[in-house]
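Contents: one structure, followed by commentary.
Note that the structure is predicted; figures quoted are calculated from it, not measured. Lettering follows sequence order; numbering is per chain, from 1. Every heavy atom of this structure was used, including side-chain atoms; hydrogens, water molecules and symmetry mates were not.
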2 protein chains.
Amino acid sequence: MGKPRRAPTAEDVARLAGVSRTTVSLVLNGVVGVRIPEETRRRVREAAARLGYRPHAAARHLVRGRAEVIALVLRQTPDQVFADAFLPEVLRGLSRVLRKAGFHLLIFPLSPDHPPEETVALLQERRVDGLILSGPRFEDREWLARWSQETPVVLLGRLSDTPIPSVDVDNVQAAAEAVRHLIRLGHRRIGLITNAPLSYTASYERWLGYRQALEEAGLLYEEAWVAFGAFTPASGAAAMEQLLRLPDPPTAVFAASDVVAFGALQTIRRHGLRVPQDIAIVGFDDVPLSAYVDPPLTTVHLPAEELGLHAGHLLLRWIEEGRPPTQEIRLATGLIIRQSCGAGGGA
Amino acid sequence: MGKPRRAPTAEDVARLAGVSRTTVSLVLNGVVGVRIPEETRRRVREAAARLGYRPHAAARHLVRGRAEVIALVLRQTPDQVFADAFLPEVLRGLSRVLRKAGFHLLIFPLSPDHPPEETVALLQERRVDGLILSGPRFEDREWLARWSQETPVVLLGRLSDTPIPSVDVDNVQAAAEAVRHLIRLGHRRIGLITNAPLSYTASYERWLGYRQALEEAGLLYEEAWVAFGAFTPASGAAAMEQLLRLPDPPTAVFAASDVVAFGALQTIRRHGLRVPQDIAIVGFDDVPLSAYVDPPLTTVHLPAEELGLHAGHLLLRWIEEGRPPTQEIRLATGLIIRQSCGAGGGA
DNA sequence: CTGAAAGCGCTAACAA
DNA sequence: TTGTTAGCGCTTTCAG
């Protein structure tokens, strides 16, 4: 009862097994090229098991210079968190690769109310082996540049003109594909509701894809047909309202995120219009619930778990190889055709 | 360029400031009751700043015996992750309190494919100061009991008959309130779609609340009126299907999670029935999107961020005070009346 | 008020 | 093949 205050150390194991600490370390770490009799190994392992010995990660860190920890910095604002239904999935993909490599995940929410420097300082104290920044922002470029000279980083999302490896989807192509679908269905007046201000890379790129598809098809880009959403359904609802007030409203709209699309759907309903008969909608993200709104939303699938997985891979490679992989991974998206555009997607 | 291989240590700071390591430590940690001239303090601080010195967390951990890290163990299966739209919010609440106390958050997904022992081992190596288990399961009782003798734990969710502090909502009352709302609106034939098998505490308790409300009102509990969902909208859709096939289907149903309710809504639509005119629905959780389905879902609000916040508080208290707070915190829920029951909630 | 010294638990270079 | 030794970077008595 009064015994196990202190966790067993390698020393304890050594004593119990009747060997030295070195031997314990050698055996337990499975160091190769050392010929230790099976009998000794067995004794050590048994002693360790009996004591419930676990090496102390901090001590190991200190001497090996490796924390075996990477940090996930969440750059999401509260509004974005709300929009971000796939954090759990990203986490799953990420932690799967990490665990296999023996790494652990430290979470750092970096909301706008904390200056990045403060978080950077904390990260430094922790001596993490690497860092994944989810949802990088323009303001982050400076500290990232500095940081990436010392420690591996990978971006989940994108930042233009930076040599930092990143993983993301090809937003331009994905958005263009969504809009092309609308065009293919005969729409000529196609509106856009952005998912966020264009200062966000993803929003900007989706806007670009929208323009590109229009241009390919020889359709005019009309300023009036783009309305700005900002993460929330409410913002999507307002944007749709604005589009509907136009003298000749679009017959279809590309909502650059599902969440924003949900708001748009609501507005449309409130105006007594029907989707897709009166107006077609295509979303972006394929959040789990998009299949369950009315009508089920045609949307662009975002492979959340794979994003996490690849980010982890890339970071681990940098850590192992000691130099940046200089890679931009662009994961494929796919258009999921459901019923909000009136094509396929059976009842 | 070839310089900053090694991070500056306290030694470096001491040298630059022309003092000893002790002094550096004393000054930088703001140890009280030590009279060091302001001038010396200034010099130390300046040297530290100039070098960009950051104390090494692992070294500190080793000597102080405190990691300043707590672990969040996610017990969610993939299906649950899907259902769990509020992980980000919980995270936000949690990391807010932790940061204030100088603690960090290590994430451990504990999916069913890893034996708990393995994760426990990893947790031990990390020597975390405490642990929050989100979504505890019956099978966890054993290792939890053992663990909690050594290290603080708090449950996010509930496990019956355990002395481990926990924070949760009062599912029984919350569910009862939802059902009472239906009864108040005149419904007598009220069905239940569970959010998960009853082996899950939350499901069980919501089922209990359902029964309780029925009983209070003198209504009969009918086996046939409870259908089992399992996390996903698809399961909710199937459950609703089953209810609708009954000779005399319920006129209202309490879906024990919004996600499951979304599936139910879809089934109802497919049957050409209308909500709330033909059938009323009340959900549970108040996930962000529940206000944006058609019709907006009346539901029970789950205070996700506060759950995280309180869990953090409780854990920190245990860590600071050295003994379990023996507390069960039950956070208040509230019925959010929207339009899926045909009462209030204006258009 | 400040410095010297010990030691947290572990690994790894070096001897024996 | 195994043991001895020297730190990793920090805090913290204990002397000066």
Side-chain angles (χ1 to χ4, degrees), chain A residues 4-45 47-48 51-69 102 124-129, chain B residues 4-45 47-48 51-69 102 124-129:
Chain A
R5 189 68 254 151
R6 176 180 130 292
T9 74
E11 178 87 53
D12 299 326
V13 177
R15 196 159 27 220
L16 183 59
V19 299
S20 78
R21 291 197 349 266
T22 315
T23 310
V24 171
S25 176
L26 258 30
V27 170
L28 261 29
N29 290 323
V31 174
V32 295
V34 191
R35 301 176 65 68
I36 295 176
E38 198 43 55
E39 161 62 10
T40 308
R41 291 178 184 278
R42 203 191 46 70
R43 278 221 317 283
V44 170
R45 272 196 268 270
L51 260 35
Y53 169 73
R54 289 285 137 201
H56 193 307
R60 219 233 235 24
H61 178 181
L62 206 53
V63 65
R64 289 223 271 230
R66 193 183 251 223
E68 291 178 309
V69 168
Q124 286 180 159
E125 292 191 3
R126 238 61 218 195
R127 301 293 199 274
V128 294
D129 302 309
Chain B
R5 187 71 254 149
R6 177 180 131 290
T9 74
E11 178 86 54
D12 299 326
V13 176
R15 196 159 27 221
L16 182 60
V19 298
S20 78
R21 293 200 344 267
T22 316
T23 310
V24 172
S25 176
L26 259 29
V27 171
L28 262 28
N29 288 325
V31 175
V32 296
V34 191
R35 301 176 65 67
I36 296 176
E38 199 43 55
E39 162 62 11
T40 307
R41 290 177 184 278
R42 203 191 46 69
R43 277 221 318 283
V44 171
R45 272 195 269 269
L51 260 35
Y53 168 73
R54 289 284 136 202
H56 193 307
R60 216 224 221 64
H61 177 180
L62 206 53
V63 65
R64 290 224 269 230
R66 194 184 250 222
E68 291 179 309
V69 168
Q124 285 179 161
E125 292 191 4
R126 239 62 218 195
R127 302 291 199 274
V128 294
D129 301 309

field: Heavy-atom pair with the smallest gap, counting every atom of A:Val24 and A:Ala10
entry: CG2-O, 4.1 Å
So, taking the atom named [atom1] in [X] and the one named [atom2] in [Y], what distance separates them when rounded to the nearest 0.5 Å?
X	Y	atom1	atom2	answer
B:Thr9	B:Asp12	OG1	CG	4.0 Å
A:Leu51	A:Leu16	CG	CG	5.5 Å
A:Glu68	B:Arg126	CD	CZ	6.0 Å
A:Leu28	A:Arg54	CG	CZ	8.5 Å
B:Ser20	B:Arg15	OG	CZ	12.5 Å

Whole-Å gap separating [atom2] ([N]) and [atom1] ([X]):
X	N	atom1	atom2	answer
B:Glu39	C:dC1	CD	P	15 Å
B:His56	C:dC8	NE2	C1'	14 Å
B:Glu11	D:dG7	CD	C1'	13 Å
A:Arg54	C:dT11	CZ	C1'	18 Å
B:Glu125	C:dG9	CD	P	15 Å
B:Leu28	C:dT2	CG	P	14 Å
B:His61	C:dG7	NE2	C1'	15 Å
A:Leu62	C:dC8	CG	P	13 Å

query: Between the main-chain N or O of A:Arg66 and the side-chain N or O of A:Asp129, is there a donor-acceptor pair closer than 3.5 Å?
result: no
message: Using only atom types and a distance under 3.5 Å, with no angle test, would you say the side chain of B:Arg127 pairs donor to acceptor with the backbone of B:Gln124?
response: yes
task: For B:Arg43, enumerate each residue passing the salt bridge (charged side-chain N to carboxylate O under 4.0 Å, His left out) test, keeping only those at least two apart in sequence or located in another chain.
output: B:Glu39
- request: Please tell me which of A:Thr9 and B:Pro37 maps to the more 5' nucleotide of DNA chain C, matching each residue to the nucleotide holding its nearest heavy atom.
  value: B:Pro37
Degree of bending, the helix from C:dC1-D:dG16 to C:dA16-D:dT1 (end axes from five pairs; round to 10°): 50°
field: Listed nucleotide nearest any side-chain atom of A:Thr23, set C:dT2, D:dG9, D:dT2
entry: D:dT2
- prompt: Taking only N and O in the side chain of A:Arg60, is any of them less than 4.0 Å away from OP1 or OP2 of C:dT11?
  reply: yes
- prompt: So, is B:Ser20 near the phosphate of C:dG3, with a side-chain N or O under 4.0 Å from OP1 or OP2?
  reply: yes
Could I get a table of every N or O pair under 3.5 Å where one atom is in the protein and the other is in nucleotides 12-16 of chain D?
| from | atom 1 | to | atom 2 | distance (Å) |
| --- | --- | --- | --- | --- |
| D:dT12 | O4 | B:Thr22 | OG1 | 3.4 |

- prompt: Which is true for A:Arg66 with a 4.0 Å heavy-atom rule: it touches a base, it touches only sugar-phosphate, or it touches nothing?
  reply: nothing
